[in-house]
> 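So that we are looking at the same thing, I have put the structure below in structure tokens.
All values below were derived from every heavy atom in this structure, side-chain atoms included, with hydrogens, water molecules and symmetry-related copies excluded. Residue numbers run from 1 in the order of the sequence given. Keep in mind that this is a model prediction, so the values were computed, not measured.
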Amino acid sequence: QSPAPTLYEQQTQFTGHDGAVYAAAFSPKGDLIASGGYDKLVMIWNPDEIKPIDIGDELDGTAEADTNHTTLSGHSGPVRSVAFSPNGQLLLSGSEDNALRVWDVVKGESVKALRGHGSGVRTCTFSPDGQWILSGGQDEKIRVWDLQGYQETRVLHSTVFTGHLDA
């Protein structure tokens, strides 16, 4: 039996993105992890299916590529934010392509692209009841979207929220 890992000992790694990973989020039940990155992709992982690291294989270059994830493509810019809906059935991603995408987690496909920001989307989230989407962008605007009709309902200029010196 292997000894218990120490606090600083890496046990697994999620590999698949080509470049920096900018965002990661747990699903509400904690059974999935979503990530978004520089490679313009969103990936969905089941942490229970991630294999432990074999340091020897890593060092000699014989480690197998991790294929235990679903890859979602559709953004034309790096993905800066990801968020699961409260019921875990939908995933939201915000990108430097000025758009948000709503994804069906089970089907692994894009449901809708939401456009309205004048520059990159830096953050996005669902309301606690799952009926609304909130996004913030480099255009210094916060946008509120109605999930039922996939339409923008409000725009709040960031000057309403004073104190920040950047997007």
Side-chain angles (χ1 to χ4, degrees), residues 10-53 65-156 158 161 164 167:
Q10 182 178 354
Q11 295 298 303
T12 58
Q13 64 184 359
F14 297 72
T15 57
H17 282 286
D18 185 17
V21 175
Y22 293 137
F26 275 104
S27 64
K29 293 180 185 176
D31 59 338
L32 297 174
I33 295 172
S35 60
Y38 176 79
D39 56 6
K40 308 172 191 170
L41 299 175
V42 174
M43 295 185 182
I44 301 174
W45 313 83
N46 178 338
D48 293 334
E49 294 178 1
I50 304 301
K51 296 179 287 188
I53 296 172
D66 184 357
T67 57
N68 294 325
H69 61 271
T70 301
T71 301
L72 308 175
S73 61
H75 282 294
S76 60
V79 176
R80 289 291 188 163
S81 183
V82 292
F84 281 94
S85 63
N87 65 11
Q89 295 176 356
L90 298 175
L91 178 67
L92 185 60
S93 59
S95 171
E96 289 182 20
D97 65 4
N98 307 358
L100 296 133
R101 283 196 177 269
V102 179
W103 306 89
D104 181 307
V105 172
V106 174
K107 292 180 182 177
E109 60 187 34
S110 179
V111 174
K112 188 71 175 175
L114 305 175
R115 302 189 188 284
H117 280 282
S119 59
V121 177
R122 296 299 288 243
T123 187
C124 58
T125 191
F126 284 93
S127 63
D129 64 5
Q131 300 300 308
W132 303 93
I133 293 171
L134 187 66
S135 62
Q138 289 174 277
D139 59 0
E140 301 179 4
K141 293 186 174 127
I142 298 167
R143 296 181 183 271
V144 181
W145 308 81
D146 179 354
L147 188 60
Q148 295 303 316
Y150 295 108
Q151 56 188 307
E152 187 178 305
T153 61
R154 278 178 227 119
V155 179
L156 306 172
S158 66
F161 304 99
H164 294 284

> Please report the interatomic distance SG(Cys124) to CD1(Ile133), rounded to the nearest 0.5 Å.
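It comes to 8.0 Å.
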> If you look only at pairs with a residue in residues 74-89, which of them pass as a salt bridge (Lys or Arg N to Asp or Glu O under 4.0 Å), with sequence neighbours excluded?
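Qualifying pairs: Arg80-Glu96.
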> Tell me whether Asp129 at atom CG has more than 12 heavy atoms from other residues, nucleotides or ligands lying less than 6.0 Å away.
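Buried by this count: over 12 neighbours within 6.0 Å.
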> Roughly how far, to the nearest 0.5 Å, is OG1 of Thr123 from CG of Leu92?
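The distance works out to 9.0 Å.
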> Ignoring hydrogens, what is the shortest heavy-atom contact between Ala25 and Val82? Give both atom names and the distance.
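Closest pair (atom of Ala25, atom of Val82, distance): CB-O, 3.8 Å.
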> Looking at every heavy atom in both Asp139 and Arg143, which two are closest together, and how far apart are they?
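Between these two residues, the closest heavy atoms are OD2-NH2, 3.7 Å.
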> Quick one: closest heavy-atom pair of Val121 and Ser135, and the distance?
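What the structure gives for the nearest pair is CG1-CB, 4.3 Å.
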> List the residues meeting side chain to side chain donor-acceptor pair (under 3.5 Å) with Ser81, not counting sequence neighbours, and say none if there are none.
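With sequence neighbours excluded, Ser81 shows a side chain to side chain donor-acceptor pair (under 3.5 Å) to no residue whatsoever.
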> Can you pull the salt bridge (Lys or Arg N to Asp or Glu O under 4.0 Å) pairs that have at least one residue in residues 28-46, sequence neighbours excluded?
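Checked against salt bridge (Lys or Arg N to Asp or Glu O under 4.0 Å) - neighbours excluded - no pair reaches residues 28-46.
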> Of all residues at least two apart in sequence or in a different chain, which pass the side chain to side chain donor-acceptor pair (under 3.5 Å) check with Glu109?
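Glu109 satisfies side chain to side chain donor-acceptor pair (under 3.5 Å) with no other residue.
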> Would you name the heavy atoms of Ser127 and Pro86 that are closest together and state the gap between them?
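So the minimum-distance heavy-atom pair works out to O-CG, 3.3 Å.
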> Thr71 and side chain to side chain contact (heavy atoms under 4.5 Å, CB included): which single residue from Val42, Leu41, Ile44 fits?
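Of the listed residues Val42, Leu41, Ile44, the side chain to side chain contact (heavy atoms under 4.5 Å, CB included) partner of Thr71 is Leu41.
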> Can you name the side chain to side chain donor-acceptor pair (under 3.5 Å) partners of Ser119, sequence neighbours left out?
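Checked Ser119 against side chain to side chain donor-acceptor pair (under 3.5 Å); zero matches.
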> Rounded to the nearest 0.5 Å, how far apart are CG of Leu100 and CZ of Arg115?
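Answer for the CG-CZ pair, Leu100 versus Arg115, is 9.5 Å.
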> Using the side chain to side chain contact (heavy atoms under 4.5 Å, CB included) rule, take Trp132 and Asp146 through it: C-alpha gap first, then chi angles, then the decisive distance, then the call.
CA-CA 5 Å; Trp132 303 93; Asp146 179 354; 3.8 Å; yes
> Output the distance between atom NZ (Lys141) and atom NE2 (His117), rounded to the nearest 0.5 Å.
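Taking NZ in Lys141 and NE2 in His117, the distance rounds to 9.5 Å.
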> Under 4.5 Å between any side-chain heavy atoms of Leu90 and Val105, yes or no?
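When only atoms from C-beta onward are counted, Val105 and Leu90 do not touch, as no gap falls below 4.5 Å.
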> So, taking the atom named OG1 in Thr70 and the one named CH2 in Trp103, what distance separates them when rounded to the nearest 0.5 Å?
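CH2 of Trp103 is found 11.5 Å from OG1 of Thr70.
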> Enumerate donor-acceptor pairs with a distance under 3.5 Å from any side-chain N or O in residues 72-79 to protein atoms, sequence neighbours excluded.
unit_1 : atom_1 : unit_2 : atom_2 : d
His75  : ND1    : Asp97  : OD1    : 3.4
His75  : ND1    : Asp97  : OD2    : 3.0
His75  : NE2    : Ser93  : OG     : 2.7

> Is a side-chain N or O of Asn98 found less than 3.5 angstrom from the main chain of Gly120, in a donor-acceptor match?
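Such a contact is found between Asn98 side chain and Gly120 backbone.
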> For the residue pair Ile33 and Pro47, what are the closest heavy atoms and their distance?
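In this case the closest contact between Ile33 and Pro47 is CD1-CG, 3.8 Å.
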> Mind checking the CZ-CG spacing from Arg101 to Leu114? Nearest 0.5 Å is all I need.
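If we round to the nearest 0.5 Å, Arg101:CZ and Leu114:CG are 9.5 Å apart.
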> Taking the side chain as C-beta and beyond, is there a heavy-atom pair between Phe126 and Phe84 under 4.5 Å?
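The answer is no; the side chains never approach within 4.5 Å.
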